[in-house]
Amino acid sequence: MKRYLIVLLLVSGMAALVLAAGQKTMSVQMEEAVIRSTPSAFGSVVARARHADQLTVLEEQGAWDRVSTADGKTGWIAHASLSAKKIALKSTDKATTASVSSGEMVAAGSGFNKEVEAQYVGQNKDLQPIFSMLDRIEKDRKPAEALRAFLDKGGLSGAKGGAK
Amino acid sequence: MKRGLITLLWIALAGVFAGCELLNQAAQLGGSQLGLSSSQTDSVIKAGAATGKALEKFTPENEYFIGRSLAACILRQYKVYDNKAATEYLNLLGQSLAAFSDLPETFKGYHFLIMDTDEINAFATPGGFILVSRGLLRCCPSEDAVASVLAHEVGHVQLSHGIQSIKKGRYTAALTSLGAAAAKTMGSAEIAELTTQFEGTLDDIMKEMVVKGYSRKAEFQADAASVTILKRAGYDPAALKAMLRQIERKAPSSEKGFGKTHPDPKDRISEIESQLDGATTVSPAPAARQVRFEKALKGV
């Protein structure tokens, strides 16, 4: 009887692990990513996730994943915004450095980054004003409401949905 | 003992498929409970990790920095056309289209600019800077036509055609340098090494994108992506076909720009034909759409 109980406990434990495996954890690999109420770029905003935030993936649907945040909010995020690897914002401690070295973790801001760009611009000074202009342009990101209004006014059926 | 080993292998295998650290922790825990030595448990986990390891590639952040510098290099050759209304319209249209692509978000979003040149040309850099010439916009008779051009460029970003044009040896060397640099604080020697790789990467993409042109296959793929995006958004996909006919008339293959860097428009049309469900002409757009198109791009 005792043996059966142990087997039952083991099987239940494994089932729980399999369920947990179905809900994998992914990291946000964009500077900012919006979690929306529907699997579409035009769904209302449920939450905003930042670079390196970890989210639990509950379901996948085409280009979109249904996720939950650490504080329990649930919604849809573009699949391409997520990385299977953990992202370290700063690799200061030894454990993080080891994880980055082994390829288990990605260090944000590493590699081709602001420092490399600065060095490149230093060698190509004529590009400096162009980079300043690009900095200004990058700030112009249209909110979903503005895009939806644009589509609506143009009589475009896509205003009702988004990429599926 | 044998049964315990089988159970542990099963758990570790599930961990590989899920890519889940939690399961590897469970394997460690299970190993001790099942009486396995730590070395036996480690072997199982390492075997699982080796099987599940993905190929390394640039992160969206790396691609963003490559794309920014490429845009800057292109704008060294072509000045920006300073027309606020036209640029605003292009960004509303382009960012709407990008929302319907399979890559609706990039590291810092999609941004659209107009190049001040009569040349018929357009470029899309990794990360989402998209540059379209005044010459190309002048070829567009409607918003649907502009949408077909922008959606084609979004297709190049979505399909990573810029990154794919980096020479294989350089790509490997750059990823090796990036991997080495990621694990430590960068000193001036590391930054200098990375900057060399960075310059080489930009050179490779510039040669392919600006001078030589992407492969025929890449252009056909971007056309297919354009048709998909147009359909999702509600634009008439036949507009791409009409636009290609227009380009054929206005940008002969002997000319700099589209004519030289893109496949024959006739071949491009025959490639997308099956996606157009037999549509031969562009359906008339609602008046409001045509009015705003003319208002925004009239003076271009």
Side-chain angles (χ1 to χ4, degrees), chain A residues 10 14 17-18 20-22 24-25 29-31 33-34 41-42 51 63 78 80-81 83-84 91 97 100-101 103 106-117 119-120 123 126-127 130-131 133-134 137-138 140-142 144 146-147 150-151 153-159 161-164, chain B residues 7 11 14-15 17-20 22-23 26 53-54 56 58-62 65-66 68-69 71-73 75-76 80 91-93 95-96 99-109 111 113 129 143 178-179 181-184 186 191-192 194-195 198-199 232-235 286 288-289 292:
Chain A
L10 256 176
M14 279 161 58
L17 285 170
V18 169
K24 59 190 171 187
T25 303
Q29 57 176 349
M30 305 305 181
E31 188 182 53
V34 180
F42 302 102
H51 198 193
S81 298
S83 163
S91 56
T97 306
V100 169
S101 301
V106 178
S110 68
F112 294 160
N113 59 11
K114 273 208 167 303
E115 286 168 293
V116 172
E117 183 181 287
Q119 179 94 350
Y120 178 69
Q123 292 163 7
D126 61 315
L127 291 178
I130 302 176
F131 275 97
M133 181 188 62
L134 295 178
I137 289 168
E138 277 175 11
D140 181 24
R141 290 181 78 168
K142 308 289 180 204
L147 302 181
F150 179 82
L151 292 166
K153 283 178 194 160
L156 291 149
S157 56
K164 294 282 192 281
Chain B
T7 308
I11 294 171
F17 281 117
C20 183
L22 173 68
L23 288 173
K53 195 167 182 179
E56 293 298 327
F58 288 127
T59 63
E61 190 181 16
N62 295 150
F65 278 102
I66 294 170
R68 246 170 82 85
S69 286
C73 291
L75 293 174
R76 182 193 252 158
V80 170
N91 274 281
L92 280 167
L93 175 54
Q95 291 185 29
S96 295
F100 291 98
S101 76
D102 289 340
L103 187 68
E105 286 182 5
T106 60
F107 191 72
K108 284 202 182 185
H111 303 282
L113 287 135
F129 270 111
E143 181 169 305
L178 258 59
K184 56 188 171 187
M186 287 202 294
I191 293 174
L194 277 178
T195 308
F198 189 65
E199 282 172 328
R232 285 176 181 169
Y235 285 104
R289 198 188 304 169
R292 73 178 177 192

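Remember, it's a predicted structure, so these values are computed and weren't measured experimentally. Quick note on labels: first sequence line is chain A, next is B, and so on, each numbered from 1.
Contacts of R292(B) with chain A are made by side-chain atoms alone, with heavy-atom separations under 4.5 Å and no backbone atom involved. For chain B, the nearby part of I130(A) is the side chain; its heavy atoms alone come within less than 4.5 Å. For N113(A), the parts lying under 4.5 angstrom from a heavy atom of chain B are both the backbone and the side chain. Neither the backbone nor the side chain of A144(A) comes within contact range of chain B; no heavy atoms are under 4.5 Å apart. With a threshold of 4.5 angstrom between heavy atoms, L93(B) approaches chain A through its backbone and through its side chain. Both the backbone and the side chain of Y235(B) come within less than 4.5 Å of a heavy atom in chain A.
Listed options A71(B), A192(B), P60(B), G234(B) were ranked by heavy-atom pairs under 4.5 angstrom with chain A; first place goes to P60(B). Comparing R76(B), E143(B), E199(B) by how many heavy-atom pairs each has under 4.5 Å with chain A, the most go to R76(B). Across E115(A), H51(A), K142(A), K153(A), the residue that shares the most heavy-atom pairs under 4.5 angstrom with chain B is K142(A).
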> Can you list the steps and then say if I191(B) with L194(B) is a side-chain contact (heavy atoms from CB on, under 4.5 Å)?
Replying inline: CA-CA 5 Å; I191(B) 293 174; L194(B) 277 178; 5.7 Å; no
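Scanning all heavy atoms of the two residues, the minimum distance from M133(A) to V80(B) falls at CE-CG2, 3.5 Å.
Under the 30°/60° scheme for interplanar angles, the aromatic rings of F42(A) and F100(B) are found to be tilted. The aromatic rings of F131(A) and Y120(A) stand perpendicular to each other, their planes meeting at an angle above 60°, with 30° marking the opposite boundary.
Listed for the Q119(A) side chain is no donor-acceptor partner under 3.5 Å among the backbone atoms of T195(B).
Centroid-to-centroid, the aromatic rings of F198(B) and F65(B) stay 6.0 Å apart or farther.
With sequence neighbours excluded, no residue satisfies salt bridge (Lys or Arg N to Asp or Glu O under 4.0 Å) with E61(B).
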